[in-house]
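Owing to the predicted nature of the structure, the values given are computational and were not obtained by experimental measurement. Basis for what follows: all heavy atoms, side chains included, without hydrogens, waters or symmetry-related copies. Whatever order the structure lists ligands and atoms in, that order sets their numbers, starting from 1.
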Amino acid sequence: MKFLEAKRIRNLPPYLFARIERLIAEKRKAGVDVISLGIGDPDRPTPDHVIETLIKEVKNPANHQYPSSVGMLSYRRAVAYWYRQRFGVELDPETEVVSLLGSKEGIAHISWCYLDPGDTFLVPDPGYPVYSGGGILAGAAPYYVPVYEQNGYLPDFDAIPPDVAGRTKIMFLNYPNNPTGAVAGVEFYRKAVDFAREYKILICHDAAYSDIAYDGYQPPSFLQFPGAKEFGIEFHSVSKTYNMTGWRVGWAAGKPEVVEALGRLKSNIDSGVFQAVQYAAAAGLTGPQDVVDKQSKIYQERRDILVDGMNRLGWNLQKPKATFYVWAPVPKGYTSESFAELVLDKAGVVITPGTGYGRNGAGYFRMALTISKERIQEAVKRISDSIGKVEI
Ligand code: MLT
């Protein structure tokens, strides 16, 4: 058969949220007023000064040509400036920062830089599906590192078999964590660096949610820990911090050889981020940061409404310290899928089944705080009216 798909994509399922989007569209078509706690896609507008920068720069014909595929130096300087202000981390913008078409793109492509068919890489389970997807497309084999509620959803490095660690080339980590909302402390990051040093593993840390935090907590960057730059790279973007998911602009920062390899790969695949968008993202990174604090307060209020509301129905959820996700166990007698189906059918509310993030997500579901507090209140009320009290 001439048009048989390549093996590498034949078994590739549609992206988790592509499936959920289809479900929502079907329900809406049937007249249901669906409330989506599904994808984490900020509903608040991009800050004005970022939009104004885009409008100005889009009118400049010099920005209409191909951008550099690794990013304008002024954009990479803005990233370095932000790291210094936010984390006290020094980065050389010329060698330690590369622009990305959103961090998802870089996360998927880093595996192409370091994994050959048959190689092993470590992925947290549950975890953001792009970590495993990128490596699988590169022909490598993920080794799923289970993370458990009782360990604060942190991997236990000592439980990773030495023969697996020995043949591992890269490991993905992500704190503040999607989907669990877990955070990691100094001790954990130190252990991660030690583990990487012992087994010569590249740590790929996804820090997309570092600026959505509550109750005064300030998540760190992996790069601020001694030795991190020697063994790691951090992925980040303006998507969640400045409400710019649709703009597709992010970066990877850290170990120069890795930044160079990713830039080299990308120069063969894409032609970089539209320059007007890079200027706008730089305006976000170097501009006033009070917008970010105000936004976290908005999410915090939503978090409290959701967690308190669910707890009144029988859950016993802790309030996450960061991210706009609430991770919860399903009631007795349900699986992740059957409970998500029930909530959609009875309450018209979309939740994400935990199994979308790996086998260890079974028995859990995720709710995103990216809709108004009124809609969150309505979602809780509908669950209460249609399902009532639950036993966990
Ligand atoms: C999510 O809901 O997990 C995220 O919005 C997905 C993403 O960042 O790509």
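Donor-acceptor pairing under 3.5 Å is recorded for the side chains of Asp206 and Tyr131. No side-chain donor-acceptor contact under 3.5 Å links His236 and Tyr83.
Lys321 forms a cation-pi arrangement with Tyr217, by the criterion of a distance under 6.0 Å to the ring centre and an angle within 45° of the ring axis.
Taking a heavy-atom cut-off of under 4.0 Å, ligand 1 is surrounded by Tyr15, Phe17, Ile39, Gly40, Tyr128, Asn178, Tyr209, Lys240, Tyr325, Arg366.
Ser384 places no side-chain N or O within donor-acceptor distance of the main-chain N or O of Val380, the cut-off being under 3.5 Å. Judged purely by atom type and a 3.5 angstrom limit, Asp125 uses its side chain to pair as donor or acceptor with the backbone of Asn360.
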Please set out all donor-acceptor pairs under 3.5 angstrom arising from side-chain atoms of residues 323-330, sequence neighbours excluded.
{"residue": "Thr323", "atom": "OG1", "partner": "Tyr325", "partner atom": "N", "Å": "3.2"}
{"residue": "Tyr325", "atom": "OH", "partner": "Tyr209", "partner atom": "OH", "Å": "2.7"}
{"residue": "Trp327", "atom": "NE1", "partner": "Tyr153", "partner atom": "OH", "Å": "3.0"}

